[in-house]
2 protein chains.
Amino acid sequence: MKLDGLDYRILDQLQANGRLTNVELSDKVNLSPSPCLRRVKQLEEEGVILGYRASLNRVALDLGMTVFVDLRLGHHGDQASSQFEASVLAMPNVISCYLVSGTADYRLEVVVKDLQHYELLLRQIQMLPFVKDIHSNFVIRAVKGESPLPLNTPT
Amino acid sequence: MKLDGLDYRILDQLQANGRLTNVELSDKVNLSPSPCLRRVKQLEEEGVILGYRASLNRVALDLGMTVFVDLRLGHHGDQASSQFEASVLAMPNVISCYLVSGTADYRLEVVVKDLQHYELLLRQIQMLPFVKDIHSNFVIRAVKGESPLPLNTPT
DNA sequence: CAGTTTTATGGCATAAAATGCCAATTGTTT
DNA sequence: AAACAATTGGCATTTTATGCCATAAAACTG
């Protein structure tokens with residue numbers, strides 16, 4: 001799909017505030033409400049906009065500790081991978097999991113209330129099949145987080 | 001702030017779909033629209049809900065490559081840190097930056113179009129003052145990403 | 001435990017927004 | 001320049017948001 005400057009402005013605004021009304025949005029991007037709504041709907045249908053979500057205060061929800069967990073798998077077969085990945089998908093406190101290059105195989109981002117809870121979760125991770133070489137990095141402070149994607153405005 | 005089961009249900013729904021209308025939301029959590037809206041407003045005012053954002057398709061926006069960049073600072077003074085952090089805040093392709101424990105000092109998450117663009121960005125990072133020991137980990141695949149926070153439903 | 005106060009809820013009326021439709025404008029092509 | 005295609009803006013209708021008030025539920029007090 002080809003996006004023009006208006007689309008980028010719309011995406012910028014919705015990244016900053018996903019609950020703008022269409023009237024507000026159309027005003028911010030200098031377009032009348034009708035075509036603005038049409039463009040948003042199309043961006044959603046084309047899959048450029050994947051969805052909308054509330055971003056929540058982790059501390060308020062007793063999830064103030066973030067840990068990056070790097071690990072490797074003992075076996076590198078399809079079976080080991082998919083079994084491990086399925087397990088990780090089922091763990092709600094693991095909020096992201098990437099297959100990465102480098103010394104580790106997987107990098108998980110984990111949120112917990114505190115060290116005590118992290119210990120429990122770490123034990124669960126250790127017990128997953130094929131898991132080896134776990135290394136934890138604790139987040140001391142978020143310098144920058146949940147930033148919007150940089151949109152290379154063309155037109 | 002004390003949250004009850006209704007609040008958690010509301011947060012759950014808004015994490016899954018931040019653009020639910022209040023009518024839809026109130027229906028999903030079994031509450032009439034008036035008190036539902038009041039609760040949402042209060043959650044926003046109290047800072048439990050930090051905001052709403054559209055989540056976008058990185059590939060569609062030419063940002064299909066994600067890289068974790070670990071690095072250390074040569075000097076560990078206040079000045080070195082704040083200068084580095086300010087630089088990082090000004091780089092749009094760095095979408096998150098954490099101060100972490102372990103061998104690295106900082107962990108950046110960077111989005112770019114491809115390796116060519118990454119090389120350019122890496123050079124920028126290398127030239128930042130005090131930066132040492134840069135290590136890049138490329139994301140091969142996202143097993144799980146942008147997951148909602150796990151809400152420990154009480155009541 | 002009854003009475004009182006506080007807090008939250010549900011319904012209603014009004015204001016605002018979303019949505020679909022159509023004419024008009026813009027810009028493209030030949 | 002004419003014809004065609006795509007996009008826009010305005011309007012009417014439906015849906016939603018919002019503020020207000022009476023009622024119900026919960027908490028507190030003596």
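Residue numbering restarts at 1 for every chain, and letters A, B, ... go by the order of the sequence lines. All values reported here derive from a predicted model rather than from experimental measurement. Only this structure's heavy atoms are used, side chains among them; waters, hydrogens and symmetry mates stay out.
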Query raised in the report: Is the backbone N or O of A/G74 less than 3.5 Å from a side-chain atom of A/K132, with the two atoms forming a donor-acceptor pair by type?
Result: no
Requested in this report: Rounded off to whole Å, could you give me the CD-to-C1' distance for the B/E45 and D/dT18 pair?
Outcome: 14 Å
Query - Interatomic distance, B/M1 CE vs C/dT7 P [rounded to whole Å] - result: 14 Å
Query raised in the report: For the residue pair B/Y106 and B/F84, is the inter-centroid distance of their aromatic rings smaller than 6.0 Å?
Result: yes
Query raised in the report: On the ring face of A/Y52, is B/R19 found with NZ or CZ under 6.0 Å from the centre and within 45° of the axis?
Result: yes
Report task. Starting from P on C/dG27, measure out to NZ on A/K2 and report it in whole angstrom. Result -> 15 Å
**Report entry** Distance in angstrom units between B/L43 CG and C/dA8 C1', rounded
**Finding:** 14 Å
Report summary line: B/L25 atom CG is separated from C/dG10 atom C1', nearest whole Å, by 16 Å
Query raised in the report: Can B/R123 and B/E119 be counted as an ion pair, charged N to O under 4.0 angstrom?
Result: yes
Requested in this report: Figure out the CD/P separation between B/E44 and D/dA17, and round it to whole Å.
Outcome: 12 Å
Query raised in the report: Are any side-chain N or O atoms of B/N93 and backbone N or O atoms of B/V110, one a donor and one an acceptor, separated by less than 3.5 Å?
Result: no
Query raised in the report: Using a cut-off of 4.0 Å on non-hydrogen atoms, how would the nucleic acid contact of A/L6 be classed: base, sugar-phosphate, or nothing?
Result: sugar-phosphate
Query raised in the report: Taking the side chain of B/S32 as its heavy atoms from C-beta onward, which of D/dT7, C/dT9, D/dA17 lies nearest to it?
Result: C/dT9
Report summary line: Each nucleotide of nucleotides 19-25 of chain D classed B (base within 4.0 Å of a protein heavy atom), S (only sugar-phosphate) or -, in 5' to 3' order, makes BB-----
Query - Interatomic distance, B/D4 CG vs D/dA27 P [rounded to whole Å] - result: 11 Å
Requested in this report: Would you mind reporting whether A/F68 and A/S136 have side-chain heavy atoms less than 4.5 Å apart?
Outcome: no
Report summary line: Between CG of B/N22 and P of D/dT18 the distance, given in whole Å, is 8 Å
